[in-house]
Every structure is written in C-alpha cells, then in structure tokens.
Trainee: 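Below you will find the structure I want to go over with you.
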Amino acid sequence: MLPKAYEPGSTEDRIYHMWEESGAFTANVKSSREPFVISMPPPNATGQLHIGHAARMSVEDIFIRFARMQGKEALWVPGTDHAAIATENVVIKKLKDGGMKDPRKELGRDKLVAKIAEFVEQSQGTIRSQIRKMGSSCDWSRERYTFEPALNRIVNEVFKKMYDGGLIYRGHRIVNWDPKLQTTVSDDEVEYIEEKAPFFTFQYGPFEISTSRPETKFGDKYVVMHPDDKRYKKYKDGETFECEWINGKVRATIIKDEVVDPAFGTGVMTITPWHDTADFDIAERHGLEKEQVIGFDGKLLAPIAGEFAGMKIEDARPLIVEKLKSKGLLVKTDENYVHNKAVSQRGKGTIEPQIKLQWFVDVNKEVISTFAPVGATADKQSSRSKKAKKTTAMSLKQIMHAVVHHGDITIIPDRFGKTYFHWIDNLRDWCISRQIWWGHRVPVWYRGEEIHTGAVAPEGAGWEQDSDTLDTWFSSSLWTWSTLIDPKLTKDFSLSLEEMLKQSPDYQKFHPTSVLETAYDILFFWVARMILMTTYVTGQVPFKTVYLSGLIRTRDGKKMSKSDPETVIDPLDVIPKYGADALRLSLTLGQGAGADSRLYDEKIAGYRNFVNKLWNASRFVLMQCETIGVNPHTVTTYEVKSLADKALHTALQRVIRDVTKCLEEYRLSEAGERLYGFVWDYFCDWYLELSKGEPNPELLVHSLRTILTLLHPFCPFVTEKLWEEVKQSTDPMLIVQPWPFAEDEKFPEEHVYLQTIIGVITAIRKLRSDHDVEHGKDVSVTLVTKEWVPLLESQESHIRRMAKVESLMITTGKFKPAKDMVSAFLPGIEVHLSLAGLIDLEKERGNLTKEKGELQKYIAGIGSKLQNKNFVERAAQNVVELERGKLKEAEEKLQKIEQRLKSL
RNA sequence: GGGCGGUUAGCUCAGCUGGUUAGAGCGCCGAGCUUACACCUCGGAGGUCACAGGUUCGAAUCCUGUACCGCCCACCA
C-alpha cells in the first residue's frame, strides 16, 4: 500500500537514476524519427544554479519530454559556459578573500588560469547534480563545455574565417573601459544609473560651456556649435582664438557640426574625443587631434593634467573647479543636475570611454557567405531573379534582420521581434577582445610587422600570441552547432571547418535545432549573436523557434539577487521541502510566455498540494481495484457503462486534444492549468466521488494512465512513480510511453443530452441545498422538452444516485428557462442552443408577437446565407433582448446586420 | 528622447483570432473527519475588467487619447 502522502525525497533520485540507466535520455543519431533538438543555455560555471536556471530546466524539459513521447528523436544537449569575466572575477575574489593581495601579479597568467580551471571543474560537478535534481532529461553522453579543447579549435577556425572574410578587424576605436576590472566590455555590458551631480558652466574664451566632468577638460581645444545657430553666426568654422583655461592659455579652434543641439545649455560645447563616443565621432568627421587625459588606471595623466597628474578623477574634480573659480572662469553651478552614469554590469565600476587597439566584428560590411546561401534569402516569390544575386551579399546586420523578418526564425512571444529589430538598428561593431586571462585567447600571432591568424601557432621562432582573450559570447554564439561537431574531428588539423561539419553525423541530423528557450534578458547578448554568427558561418539558422521566458521575481516583484540572500529562493532548499515536481509546476504554470512571474513559498506549497492530490487519487483508484479484485497491471480494455462514465470519457478526450494543441503551440502554462483543473475539479471532486457508489475499475485505471501520461512532462517524478503502480505490465517506463491520441466524438449530439442530464442532476442538488430539502426526500423534475423525457427516464436510477434522492418524478410542463440549465452545467463543456430552439423558447415565454416572429424568421434567413451560426445566434439574441418594447430599434439593427452581410 | 509592455476579486495572475451570467490559485467567511487526500471536502462573499471617447447588433478583448507603473535602447556636452 502506498503511504498516505507523497514523499518526493525517497523517490526522485531513484527514478532519475532509472531513467538515465535506461538510455532514455540518449538520442540516436541513426534513427529515422523526426529530430527535436534543444541546446541547453549553458549555465556559467561560477558556482551553482539559481532559481532562474531551475526555470530554464523546467520549461525545456517539458518541451523535450513532450516531443519524446510524441515519437520524435528528442535531443537535449547539456553543457556549461566558462563565462570569462564572471568566472575570473569570482576566483580572484576568492583568492583575495584567502589573503592574496593581487592574484594576477602574484600568480601570473598560467597559474591563475590553472586555478580558475580547477574551480570550474568543481562547479561543473555541482551544476551537473543540480540539473539532475530538477529531473532534466538531457543527453549526458553529449555534454559539452564552451572552453573545452574541441570548442577552442572551432572558435579559432571561426575567428580565422571571419578575419579572412574581412569581418574581424583590429583597430583603434573608442571602447568601454572598466578601470576596476582592467578590461574592455561590450556595449551591452554597460548599464546606466541615474546620478545627481553638479553641472558647471565655465567661461571658455567668448563662450560659455557646461559640463559635469571638468576633469576631462584639460585638453579641450575645440569648441563646437551648430552651423545654423544665429547667436554664433559671426564665428567661422576653423577660426581660432586664444583663451585662459585650467592650466594656462590654450589655442582653441571653432568647429561647426550639426550634432550640437542649439537648445541645450548655451548651444556650445568643447569636446574630449579620447573619452567620449560622441566627441570621438565629431573628431573623426573633422579630422581633429585626440589626446588621452585619463589613464587606464583611472588617474589623470602627466603632463596634460599638470599639477593634477596622478590624482584620481573624483579627488581632482573639486580642485579643478576651485582653480577655475579662482581664475574667475566659473559662471554658475547647477546642483540639481541629473545625468546617467555608465557603470560596468559586472563589478559596477564606472566605465571610462577610452581609445584602444581592439578586435572588432564588423556588422556593416557586406559579405558573401561562403557556405550555402543564407536560408532567409530563399525569397520565393518576390522578384527572385533580380534579387537573388543581391541578397547573397549581405552584412551581418542584414542577415540577422532577414532570418527573423522572413520567418526562418519565429520569436515567441512575437512582440520581442520588435525589440530585436530595434536592437539591430542601433547595433555597432562588436568589440570582442578582453584584457583578461580566462577564455579563448585571440588566435593571432605577431612577429615584428608580421601577423598570423589561425588555429595553430605559426612555425618558426619569435612569434608571440596576442595577449587578449575573446568575449565569452563569442564562443557561446556558436553553441548550437559547435556542440554537434564530433570532437575527434577537431584534433585533425588537416580538416577545414566545412569538412568537420560535413563529417559530423550529429550536426547533419540535429542542426538546425528546434527551439531555443531562454529568458528575455539575454536576447541581445546571446540569442541575437547566435543568429549572427551561426547563420554566417554555417549558412543555417541556429534554431527555428525562440521561446523567451520571463524572469523569476520575488513576492514583491523585485529581482532575486545574490547580494540579497533574503530575497533569493534556492532550488536546493525547495526540492527537499516540496519536491522537484512542485518546484517545476510553480515555475511553469500561471504565467504567459515572456512575462515575469513571482515565486514564493505558498505558491510552491500549492503545487505540492496538487501533486499530493494526484497521489491520493491514484491511491483511491488502486484501493477500488483491490476491493473489487482487479489487478491494474492486467487491465487492457474498459467499458463505458454509466452516464458518468461517458461524461468522464468524453471530457478526457477533450483534455487530450486541448493539452496536445497547447503544447504544440508552446502554450505550456495553459496546457498545465487545463490539466490541473481537470484532475482536481472533474476527476477527483466529481467522478471519483460519484464512482464511490458503483466503481468501474477498468475505466478508472485507464483514465488515470492517461492523466499520468499527459502530466508527465510537467511533473515527471511523481507520474513515473505512480505509473509503476498502474501501468500495463507490458508498458515501458512513462518517459518513453507514447503520447495519447484523442478519440473522435462519434455522436456529438450525445453531448447535449449527456450534459443536459448532468445539468439536471446538478440542478437537483442545488435545489435541495437551496431549499433545505432533506436527504432522501422526493424530488420532481419538470422538463422543457418532451423528447428528453425518455432519455431521462432511462437513466433514472443513475440520476437518483448521483443527485442523492430517493425517488424521481419526470414530467414535462411549463417552460424552464434554458439559462438555468446552462448555469448548472459542468465546467469545460459547452451547450449549443440552436436558433430554432431560441425562437421556440421565446414563443414559449410569450415574447413573440406575430411581427416579432416574422423578425426571427428574417434573421434565420440571413443566417443561412452567412453560414455563420454563431454570429446569427448572438445577433438574434441581442435583437430579442432589445425588441421588448423597442421594435423600431431592433429593426434598425437588423438592417445594419444585413448591410454588413451584403458587403461580405 | 525613441521603443515595448502592464493596469481584471484583498494578493498573485489567466482570459488565443470580439460572442451566453468575466475565470483560477491563495486569502477571507460558514459548515463538515462521508470507502483516497486537513497538503482535504462542501457552500459563500468579493470585480462599473485604470480613465475618457470611438468602431460594432455585441467590447476586458479592436481603434484613438489620458493617467499611473515597469522594462529595453540611445544619450546631451
């Protein structure tokens, strides 16, 4: 006998082990089945998984299990990310906490990298076990890591390919420099926070200029204004003048440029091209000199800063203002000025724009993909002959745009498509080099003026490899396909990238992948870059569908952040308390795609209760079997005996249909909630209660099997466990059990009768409780239509039992409003009231005069023309409502309807 | 400044292409140990679907505008 309550702890690990041992997770590359593939977004190997990861695992596992049960060759590739900056920071911090002052200096490159690798290995172990705890049915035989040797080879090949294709270049550009972490970061890794800072206006020659950053102003020798600004008409472009400035006299040049907003401040500004993106652009346009003012350590430089050289900018700022004030150059100070300060997403240090020699991916250069033509450009109808040639030469930006625009990739929910296009429009070249040590090293070697790019170091002495590493997203952008390349092939350096792809069976079978599921906050970081890199390099889109989930928030709607342990819900705390199934349900149900959701204890407890309800329902079914002497494992067929049986059976078919459809359309929350409601309200509270009188054990077993099958993707552990109790002895494990098909409804009209009867029963029950009729007293039912009488009579004994009455009198008589009947019907089942019925109804009520009767016929006539039953019924009903005393208005409405019909 | 969402019961949220009396979970109130389940059962209260217009026979749903909240992008010296 099963225990009274479900105990996840004693079951989950055993079941997971059983699945894994059985090989159910392992995809067969030789199978002829249709593939269904998900690349797991590789968690950062920086410690352990948090609740967001748990959400990813839950959703993806639902997709994968559903596909597997539907008979597809399901592959879910797991792995981890080396997470360059993030991991290096974590380890450096650990070393510092351990007493080391400057780990980089003390250990040197090789030793530090070894330390980080060691740490990564540990956290990979933790992560693997956590993924298992969630019940994720991923293919461990194909586990990969973004920084493994095979992937390094691929990264290098891609770099070389793009370098040779002119898409990767090295140049002096303005970059986001993080003085705290001592590296550049990409535009997407910069955040802006509002800050109140004094806003100073200074006298600069004949002009007044304003700034919140006087410390950058030492070298300013260009004043810029709009060419059309009348106030400064007398100054000519290129004119120079001398003026007193921070450290003595400077010779300034006047520049006219249209980017200056005449309405802002005085309409005049000085520029600092080395430390400001906009100023840099102006300087480039006019060929102006650029000079560095602030060092990479965040301190002012000599000789330009004069007496302030070597000072930190925060310290120098007030002193500089003071000095200008003493010279009489400070015009005014606005203390309430609010501006946006750029900070690094990692580490939160202030970002200092700097000019630096870096590696970039060119997103605007038009290239011809050397592989098969880009999928999206298979632009079928629209002027193929003309465009075909043109569209093969596209920039990376255009490629990214095209594949989504043409539907090669579908984004769910679709509103994120707009966000995606918007991002592309604003996209600038991607800075891919980082001045850190942990990561794929830039595969470029230098010897004097010589430069070599490739997967292996060049032969001969004196070559030195670039000391920078690549942005971590560079390697993760190759994830969907680099993980499908046979690692053995990557050791053979005679093979090209194209040949490796061609010779990898996994790649041939499983790429492009089916769905990419991730939270929307890495749409740009990762999803967009995968599209960019993969489509260019392989000529295939990385995935056909992007499913974006929302973020998991706290009860108050705040972000869960590690720095605030109070708010964080740790999956490892939840699982022992409530079970992985309950956690999975609470992370996937009750939320639309792309919408954030809040997680809190009561919510998880609620789903734990549901799991327990399912458990007890199963216990009850088993008990019934035992009482009657039926062995559930031998049940193969069932009979639909009673009316209730029929209702259950029909409802079950509908659930199968609804759930399947929802899952196929990626509406998993709806699918889950449909099941939740069905199991609890219909199966348990209604059918099981009824069946206490006259149980039909075979049908009970069959229904339970179906329910378990449908629920399995959502809560795999408890369903697999219960499956062991009720499955046919020849059935396999639930994880590989085929998905059920819904039977066709042969006699749809039966529904109406069926539901009517059940409606009657429910109505009787309600009547009894409303009027305090004692249990067992006689009840008389008055019916609407004569034809239902024989039906009700034939089911009299059922009705009596179900309605808990001793005797029943069935008669026809005065009209009972159909409305009341409908309201008493069971949830999830509709009733079709025909137009004819409606007219009858109104006649019975005496609402139809002769004229009005004509009116109804008129409507019915329109109805047949339109062949839209629904529309006419509703319209007719409205007319009936309105016409009571307002015949004229009703006629007008009808005329409008008719006009609309004609226009159709 | 540009863009994208949200505003539905005390709380957290569903409501797909407009269609019977707007739903669920939790909470609240009342009753109840009936052959599974108190992690339960039965019953109940509670909503002018942010506001104002419009389209329609019919609007929570479509359109326009307003207010508030949130997110993303750009960034102004």
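A, B, ... follow the sequence lines: proteins, then strands. Residue 1 opens every chain. These numbers come from the heavy atoms of this one structure, side chains and all, not from hydrogens, waters or symmetry mates.
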Trainee: Mind checking F524(A) for me? I need base, sugar-phosphate or nothing, with any heavy atom below 4.0 Å counting as a touch.
Mentor: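 Answer is sugar-phosphate: F524(A) comes under 4.0 Å of backbone atoms only.
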Trainee: Side-chain N or O of W680(A) versus OP1/OP2 of C40(B): is the shortest distance under 4.0 Å?
Mentor: no
Trainee: I'd like the P distance from G15(B) over to A74(B), given in whole Å.
Mentor: 31 Å
Trainee: Identify which one of F620(A), F610(A), Y6(A) satisfies the ring-ring contact (aromatic ring centres under 6.0 Å, His included) criterion when paired with W615(A).
Mentor: Y6(A)
Trainee: Strictly below 4.0 Å: does N612(A) bring a side-chain N or O up to OP1 or OP2 of C40(B)?
Mentor: no
Trainee: Has R598(A) got a side-chain N or O lying under 4.0 Å from the OP1 or OP2 atom of C13(B)?
Mentor: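 R598(A) to C13(B) OP1/OP2: side-chain N or O found under 4.0 Å.
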Trainee: Under the 3.5 angstrom rule, does the side chain of D429(A) hit a backbone N or O of V363(A) as a donor-acceptor pair?
Mentor: yes
Trainee: Under 4.0 Å between any heavy atoms, over every strand shown, what does E689(A) touch: base, sugar-phosphate, or nothing? Just pick one.
Mentor: base
Trainee: Please pick, from G3(B), U41(B), A14(B), the nucleotide with the shortest atom-to-atom distance to any side-chain atom of D685(A).
Mentor: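 Side chain of D685(A) sits closest to U41(B).
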Trainee: Under 3.5 Å, is there any donor-acceptor pair linking the side chain of E670(A) to the base of A24(B)?
Mentor: no
Trainee: Can you measure from CG (L427(A)) to CZ (F421(A)) and round to the nearest 0.5 angstrom?
Mentor: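 Those atoms lie 14.0 Å apart.
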Trainee: What is the ring orientation for F678(A) with F683(A), classed by angle as parallel under 30°, tilted 30 to 60°, or perpendicular over 60°?
Mentor: parallel
Trainee: Taking both distances under 3.5 Å as the test for a Watson-Crick or G-U pair, what stems of at least three pairs does RNA chain B have?
Mentor: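 RNA chain B forms these stems: B:1-7 with B:67-73, B:10-13 with B:23-26, B:28-32 with B:40-44, B:50-54 with B:62-66.
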Trainee: With rounding to the closest Å, how many angstrom separate the C1' atoms on A22(B) and A59(B)?
Mentor: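 It works out to 12 Å between them.
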Trainee: So, E602(A) and R555(A), do they make that salt bridge, N to O below 4.0 Å?
Mentor: yes
Trainee: Calculate, to the nearest 0.5 Å, the distance between atoms CE and CG belonging to M269(A) and D220(A) respectively.
Mentor: 10.0 Å
Trainee: Using heavy-atom distances to pick each residue's nearest nucleotide on RNA chain B, tell me which of Q624(A) and G590(A) is more 5'.
Mentor: G590(A)
Trainee: Would a distance-only check, ignoring hydrogens and angles, find a side-chain to backbone donor-acceptor pair under 3.5 Å from E284(A) to H286(A)?
Mentor: no
Trainee: Would you say the base of C37(B) and the side-chain of R619(A) have a donor-acceptor pair closer than 3.5 Å?
Mentor: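 Between C37(B) and R619(A), which were checked side chain against base, a qualifying N/O pair under 3.5 Å is absent.
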Trainee: State whether E725(A) and R619(A) are salt-bridged, where the test is any N-O pair (Lys NZ or Arg NE/NH1/NH2 against Asp/Glu carboxylate O) under 4.0 Å.
Mentor: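 Looking at R619(A) together with E725(A), the answer is no, because their closest N to O distance does not fall below 4.0 Å.
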Trainee: Say we look at A77(B) and C72(B): how far apart would their C1' atoms be, to the nearest angstrom?
Mentor: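 Roughly 25 Å separates the two C1' atoms.
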Trainee: Under a 4.0 Å threshold between the charged nitrogen and the carboxylate oxygen, would R598(A) count as salt-bridged to D556(A)?
Mentor: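 Answer for the salt bridge query: no.
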Trainee: If I pick the P atom on C57(B) and the same atom on C71(B), what distance separates them, to the nearest angstrom?
Mentor: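 Looking at atom P only, C71(B) and C57(B) are 42 Å apart.
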Trainee: Is any side-chain N of the basic residue among R213(A) and E352(A) closer than 4.0 Å to the acidic one's carboxylate O?
Mentor: yes
Trainee: Take atom P in C13(B) and the same atom in G53(B), then report the distance between them in whole Å.
Mentor: 30 Å
Trainee: Tell me which nucleotide among C39(B), A36(B), C42(B) gets nearest to the side chain of K613(A).
Mentor: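 The answer is A36(B), which lies nearest to the side chain.
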Trainee: Hey, are R529(A) and D188(A) close enough for a salt bridge, meaning a charged N less than 4.0 Å from a carboxylate O?
Mentor: yes
Trainee: Expressed as a whole number of Å, how far does the P atom of G30(B) sit from that of A38(B)?
Mentor: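 Going atom to atom, P in each nucleotide, I get 22 Å.
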Trainee: Expressed in whole Å, how much space separates the C1' atoms belonging to A14(B) and U61(B)?
Mentor: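 Those two atoms are separated by 13 Å.
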Trainee: Listing time: all N or O pairs from protein to nucleotides 4-6 of chain B that are below 3.5 Å?
Mentor:
from, atom 1, to, atom 2, distance (Å)
G5(B), OP1, K418(A), NZ, 3.4

Trainee: Identify, between E602(A) and K692(A), the residue whose nearest nucleotide on RNA chain B lies closer to the 5' end.
Mentor: E602(A)
Trainee: Distance check, rounded to the nearest 0.5 Å: M225(A) atom CE versus I254(A) atom CD1?
Mentor: 5.0 Å
Trainee: Using atom C1' in both nucleotides, what's the gap between U34(B) and A50(B) to the nearest angstrom?
Mentor: 47 Å
Trainee: C37(B) base to K4(A) side chain: any donor-acceptor pair below 3.5 Å?
Mentor: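 Checked by distance alone, the answer is no.
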Trainee: Any Lys/Arg nitrogen of E670(A) or R674(A) sitting under 4.0 Å from an Asp/Glu carboxylate oxygen of the other?
Mentor: no
Trainee: Look for any protein N or O under 3.5 Å of an N or O in nucleotides 74-77 of chain B and output each such pair with its distance, or none.
Mentor:
from, atom 1, to, atom 2, distance (Å)
C75(B), N3, N340(A), ND2, 2.8
C75(B), N4, N340(A), ND2, 3.4
C76(B), OP1, D276(A), OD1, 3.3
C76(B), OP1, D276(A), OD2, 3.4
A77(B), OP2, Y337(A), OH, 2.2
A77(B), O3', S210(A), O, 3.0
A77(B), O3', T211(A), OG1, 3.0
A77(B), N6, D261(A), O, 2.7
A77(B), N6, F264(A), O, 3.0
A77(B), N1, D261(A), N, 3.3

